[in-house]
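These notes are about the structure you will find just below.
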Amino acid sequence: MAANIISGTEVAKAIREELKVEVAELTEKHGIVPGLVTILVGEDPASQSYVAAKNKSAHALGIHSEQVTLDVDTPEADLLALVEKYNNDPKINGILVQLPLPKHINEANVLYAINPDKDVDGFHPVNVGKMVLGEQCFLPCTPHGILELLVRSGVETSGAEVVVVGRSNIVGKPIANLMLQKREAGNATVTLCHTRTKDMAAHCRRADILIAAVGVPKMITADMVKDGVAVIDVGVNRIGMSSTGKAILAGDVDFEGVKEKASCITPVPGGVGPMTITMLMKNTVQAAKMAANLI
Ligand code: NAP
């Protein structure tokens with residue numbers, strides 16, 4: 001079976017077009033310009049490029065965006081004061097602190113200091129708790145993107161056996177939770193695997209939908225999946241450098257082998273990756289509407 005390739009690039013593009021219209025309408029009808037601030041501490045090149053991409057994406061949609069870069073030695077108290085400043089800034093609807101933070105800063109202290117109504121990353125315990133309870137909240141961007149990919153690709157989740165490999169707080173745990181919620185893109189029977197799982201291949205072979213968020217290149221091989229599985233590969237692993245100095249990326253799934261058995265599969269790059277930033281934009285627009293009591 002030749003798998004249908006789920007293009008996150010195309011799905012993200014469609015959602016951005018929708019958001020552009022929504023932002024224009026908000027601005028013209030209500031005089032609201034959604035605002036996002038990204039805060040980066042230090043000069044990690046990967047973080048710099050993520051932050052730049054987020055700001056570029058915001059600009060393209062008509063979202064007001066501000067970027068603050070702080071010295072790597074910035075004390076935690078200064079960062080907390082900055083977060084507080086933006087908590088009280090009516091022009092800013094979404095606050096994103098780029099992770100990871102330098103070791104001397106307690107990540108939880110910073111994330112918990114963000115006003116939950118401006119927590120567009122969906123990492124604040126208030127939003128995590130509401131997500132688990134199935135209440136309206138900001139969903140974390142990567143799992144939110146996976147839901148959109150499944151829905152817009154017509155993958156049926158109701159009653160499906162979903163196997164998630166990886167239990168991180170930002171991907172594995174939230175996507176497992178979302179898929180068992182009683183609503184669209186949910187109602188699945190979910191298994192969550194990790195390094196202590198016995199016979200992971202046996203679990204994976206039962207999956208109608210397999211979601212890999214592990215960080216180990218090509219770990220999921222063709223012999224570990226059943227025919228017709230839908231595969232979402234979250235992994236982004238640098239496995240080398242091209243002659244032009246560009247990173248060569250691989251997912252957590254052996255794409256070439258698994259695509260021969262899957263009904264559909266996301267590629268790396270061009271699968272989940274483009275969705276993550278797009279869902280950040282969607283959350284920022286949602287935050288602006290909430291602040292204006294429009295939802
Ligand atoms: P993480 O925090 O490192 O968590 C990895 C998870 O995988 C852990 O739960 C770990 O189990 C499990 N694991 C690792 N090796 C395993 C193995 N051999 N067998 C079974 N389970 C194993 O990773 P993450 O932040 O979720 O990211 C996962 C991958 O997704 C990375 O490649 C990352 O770059 C990528 N990612 C992509 C996006 C995107 O937008 N495309 C966003 C976020 C992450 P234990 O808990 O037992 O240690």
Report task. Could you pull out all residues at least two apart from Ser47 that satisfy side-chain contact (heavy atoms from CB on, under 4.5 Å)? Result -> Leu40, Asp44, Gln98, Pro100

Query raised in the report: Any side-chain heavy atom of Leu101 within less than 4.5 Å of one from Val97?
Result: yes

Query raised in the report: For the side chain of Gln67 and the backbone of Ile39, is there at least one donor-acceptor N/O pair under 3.5 Å apart?
Result: no

Query - Cationic N near anionic O, under 4.0 Å, Lys282 to Glu22 - result: no

Query raised in the report: In terms of hydrophobic clustering (I, L, V, M, F, W, Y; side-chain heavy atoms under 4.5 Å; direct or indirect links), are Ile211 and Met200 co-clustered?
Result: no

Query raised in the report: So do Val234 and Thr142 actually touch side chain to side chain, heavy atoms under 4.5 Å?
Result: yes

**Report entry** side chain to side chain contact (heavy atoms under 4.5 Å, CB included) between Ser153 and Asn4, worked out
**Finding:** CA-CA 9 Å; Ser153 308; Asn4 174 26; 5.5 Å; no

Query raised in the report: Hey, does the side chain of Asn127 reach the backbone of Cys137 with a donor-acceptor pair shorter than 3.5 angstrom?
Result: no

Query raised in the report: With no hydrogens and no angle check, do the side chains of Glu76 and Asn109 hold a donor and an acceptor under 3.5 Å apart?
Result: yes

Query - pair Val120-Leu36: side-chain heavy atoms closer than 4.5 Å - result: yes

Query raised in the report: Any donor and acceptor pair, going by atom type alone, linking the side chain of Thr27 with main-chain N or O of Gly31 inside 3.5 Å?
Result: no

Query - Side chains of Asn187 and Thr157, donor plus acceptor under 3.5 Å - result: no

Query raised in the report: Got Ile220 and Leu210 here, is their nearest side-chain heavy-atom distance under 4.5 Å?
Result: yes

Query raised in the report: Hey, is Glu25 close enough to Lys289 for a salt bridge, meaning N to O under 4.0 Å?
Result: no

**Report entry** Under the side-chain contact (heavy atoms from CB on, under 4.5 Å) test, residues paired with Ala24 that sit two or more places apart
**Finding:** Glu28

Requested in this report: Look at the side chain of Asn93 and the backbone N and O of Thr284, then say whether any donor-acceptor pair between them is shorter than 3.5 Å.
Outcome: no

Query - The single option from Ile114, Leu99, Leu96 passing side chain to side chain contact (heavy atoms under 4.5 Å, CB included) against Phe123 - result: Leu99

